[in-house]
2 protein chains.
Amino acid sequence: MTAGRRTGLHAVAERAGVSVSLVSRILSGDDAVRARPETRERVRAAARELGYQPHGAARALRLARAGALGLVVHDMSNPIHAEIIRGAQAAATDRGQVLLLSDATQLAGNDDAFAQLLGPGRIDGLMWQGSGEEYDDELAARAAGRLPTLLVNSRSRAGVPALRLDDERAARLAVRHLVELGHRDVAYLGGRPGADLTERRRAGYAAELAAHDLAERPQWTVELEWDAPAGYAGMTRLLAAEPRPTAVFVANVVVAVGALAAAREAGVRVPADLSVVAVHDAWFVAHGAPPLTTVRLPLHRLGDMAVSMLLDGDQARAADGLVIDDPAPELLVRGSTAARP
Amino acid sequence: MTAGRRTGLHAVAERAGVSVSLVSRILSGDDAVRARPETRERVRAAARELGYQPHGAARALRLARAGALGLVVHDMSNPIHAEIIRGAQAAATDRGQVLLLSDATQLAGNDDAFAQLLGPGRIDGLMWQGSGEEYDDELAARAAGRLPTLLVNSRSRAGVPALRLDDERAARLAVRHLVELGHRDVAYLGGRPGADLTERRRAGYAAELAAHDLAERPQWTVELEWDAPAGYAGMTRLLAAEPRPTAVFVANVVVAVGALAAAREAGVRVPADLSVVAVHDAWFVAHGAPPLTTVRLPLHRLGDMAVSMLLDGDQARAADGLVIDDPAPELLVRGSTAARP
DNA sequence: CTGAAAGCGCTTACAG
DNA sequence: CTGAAAGCGCTTACAG
C-alpha cells in the first residue's frame, strides 16, 4: 500500500493482489505453479493493463543469459553480406533474441570495443563473418575462447566452428553450364588469394574442368580481391591472355560487375564473344548489361542456421565446418552466357 | 578468504585487497575518490591481470541505461541504407555503445518483437529509417512515446523528430547540371508516390526548372517505387511520353539501375540520346553501362549524427526535422550525361 | 580516504 | 498452492 510508483513485476503484483514471485511464475509459464485459474487470469489481466514488459537487463543478469547474439560483418554494403544478415535477423527475432551488429574492421582497430562486446552480460554467442583477413582468425579465436562462436561463410579456422555454403558444387554447376554451351577455354576469376572462399570455388572449377578433360591454364586463373575494381582489373588481364578464354567463371557477383565493365570497355561483347557466369544472385544483376547468369546459394539460410545452432548450443556440430546445402545451389540462366563463338 | 570463484568486481577487490566499492570507483574514474596512487595502481593491475570487464547487464540495470541504441531499417541490401548503418555503427562504437539492428517489416508483423525491443533495459534510444510505409509512422510514434526516437532520412512525421539530407539541394544540383548541358526537356523519375523523399526531390527538380523558365509536364513525372524494377517500368513510360524528354533526373540510384536497363533495351543510347543523373552514389555505379553521373549525399554522416544526437539527449533539436548538409551535396559527373542531342 | 549497505528488476530454491 | 528471501554484478549515497 505504501508503494506508489513501483514498476515492473512489483506493480503487476500489487494490482493483482498477489506476490511478485507468483506473477513471475505465472507470466513465465512455469509448469510447477498451479494457481487457481482465476488468480492466473487476474495476473494476466494486470500485466496486460499495465503493459508489463520484462526488464531486459534484469532478466539477463539474473539468468546469466543476455538474450542477444552478436554478428560481426565486414562490408554491409555488399549485398551478399546483407542477405546473410537478414537471415540471421529473421531467425533471431523469431526466437525472441535481439541481434547486435558490429563491424570487423572497427573491432580490429578498437580493443575496448571488442572487449566490451565479448564482456559478460552482452551477448550469448557470436557469429563472425569470415573474410580471409589476417586479423579475423585471431579475433574469432579469441571470441571462441569466451563464448559460443561460429564462423559464417568460411571453413573452420583456428579451431573455430564454421558454417559455409556448398562452394564447390556452385562452382561446378556454373562451369558445367559453360561446358554444356560448348566452351572449352574457361577461365577463373576469383577473390582475394588465399581466402577460403576463392580456393573452394577454384577447386570446384578445377574439378569440373577435369571431369570434362578440359585444360586448366595458369594464365586463366586470376585472383585479386573481392570487389568490383578487382573484377575490372582481373578481367582486363584475362582478356590479354594467350590464348584468350571464351568463357569466364567469376567467383562472386560483385567481382563480376567490374568484370563486365572491363569487357564492355575492351569492346568484347558478352555473351557473343565471351560468356560470363558468377556465384551469388543479387537484386541488380537482372538489370545489368547484359543480365548476369548466376548461381544462387542459400545465404539467407546460412544466417538463419547460424543463429539456430548458437541458440541451441549446437555449434560443436560445426566444429569441422558444416556445409549448408539446402536449398541446393541453383543456376539462373540470364543473358551473359551463350554458345561458344 | 572464503571466496573462491567470485567473479567481476569482487574478484578484483579480493586480489587488490580493497573493497568492491573502491574498485568500482577507481575503475570508473570517479573524481571524488582520492585513493593513494599506490592503491590505485594495485587495483588497476588486478583488473588487468584478471581481464576484468564490467558486466553489461548488471551495469545497465543499476544505471538504468542499456548502453545500446536500436536501429530499425527497411532493406539492408539497399546500399544507401547500408551506408547509413555504417555511419551509425561507427559512431556507436566510438562512444562505447552497441547497436541493435532490427528489420522494420519484421517488427511490423511481430508485436512481441516490437514490445521486447522497446521494453525496459534493452535500448536507450531508437533510430527508425523512414520509408513512407503506412505502418512506419505508427510504430515510430509508439516508440517515441517510450524512449528518445529519431526518424532517419525522413522529415519529421507524427511528431517524431527527424534527420534528413538536403534533398532539394541535391535535386537542384542534378537538374542544373542537365540544364547547363543544354537540356530543356527534363523528366522526373521518382520513388514511391507520397513518400517524403520523392516529394522533396521533386520539389527541388521543379524549383530548378522554374529558375530556368523551363516547363514541367505531367507526362514527365513518374513515381512508382524505390526499386530497380520500378525504375525499369518508369523509364519505359517516360520513353513513350510525347514529347520525349532528352534528360531524366532519377530520385535514387537503385531506381536508376532499372531505368538504365530499360533505356538500353529500348535502344535508347545513354548519354547520346538521353542523359541520366541520379541521387546517391554507390559502389556499383562507376561500373555501370554507362557509368552513372550521381549526386553524393552525406549518408554516413546521417547515421553518425543520429547516434550522437540520441546519446546527447539532443533529439529535440530535430523536432521539426533537421537537415544534415555537411558535407554538402556533390555532383559526380560520369558517363551518363552529355550535351543535348 | 575507504567500506558496508541498499537496491536496480528479476527468478528460484526454500518454507510454510 | 503461494510467499519471503537470497542473490545475479554493479554503483552510490551514507557512515565512519
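- No donor-acceptor pair closer than 3.5 Å links the side chain of B/Arg301 to the backbone N or O of B/Pro327.
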- prompt: For nucleotides 10-16 of chain C, read 5' to 3', which letter fits each nucleotide if B means a protein heavy atom sits under 4.0 Å from the base, S means only the sugar-phosphate is that close, and - means neither?
  reply: BBBB---
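- Taking a pair as Watson-Crick or G-U wobble with both distances under 3.5 Å, the runs of three or more consecutive pairs in DNA chain C are C:1-3 with D:14-16, C:5-12 with D:5-12, C:14-16 with D:1-3.
- Considering only heavy atoms from C-beta on, B/Leu61 comes within 4.5 Å of A/His55 through its side chain.
- Applying the salt bridge (Lys or Arg N to Asp or Glu O under 4.0 Å) test to pairs two or more places apart or on separate chains, those with a residue in residues 100-117 of chain B are B/Asp111-B/Arg142.
- Between the CZ atom of A/Arg65 and the C1' atom of D/dG9 there is a distance of 17 Å, given to the nearest Å.
- Contact check for B/Pro148 versus B/Met309: no side-chain heavy atoms found under the 4.5 Å cut-off.
- Checked by atom type and distance alone, the side chain of B/Thr93 pairs as donor or acceptor with a backbone atom of B/Gln89 at under 3.5 Å.
- Taking 4.5 Å as the limit, every side-chain heavy atom of A/Val98 sits out of range of all side-chain heavy atoms of B/Ile123.
- Taking atom CD of residue B/Glu38 and atom C1' of nucleotide C/dT2, one finds them 15 Å apart after rounding to whole Å.
- In this structure a side-chain-to-backbone donor-acceptor pair under 3.5 Å is present from B/Thr149 to B/Leu147.
- Atom CG in B/Leu50 sits about 15 Å away from atom C1' in D/dG9, given to the nearest Å.
- Each of B/Asp196, B/Asp136, B/Asp320 was compared with B/Arg157 under the salt bridge (charged side-chain N to carboxylate O under 4.0 Å, His left out) criterion, and only B/Asp196 meets it.
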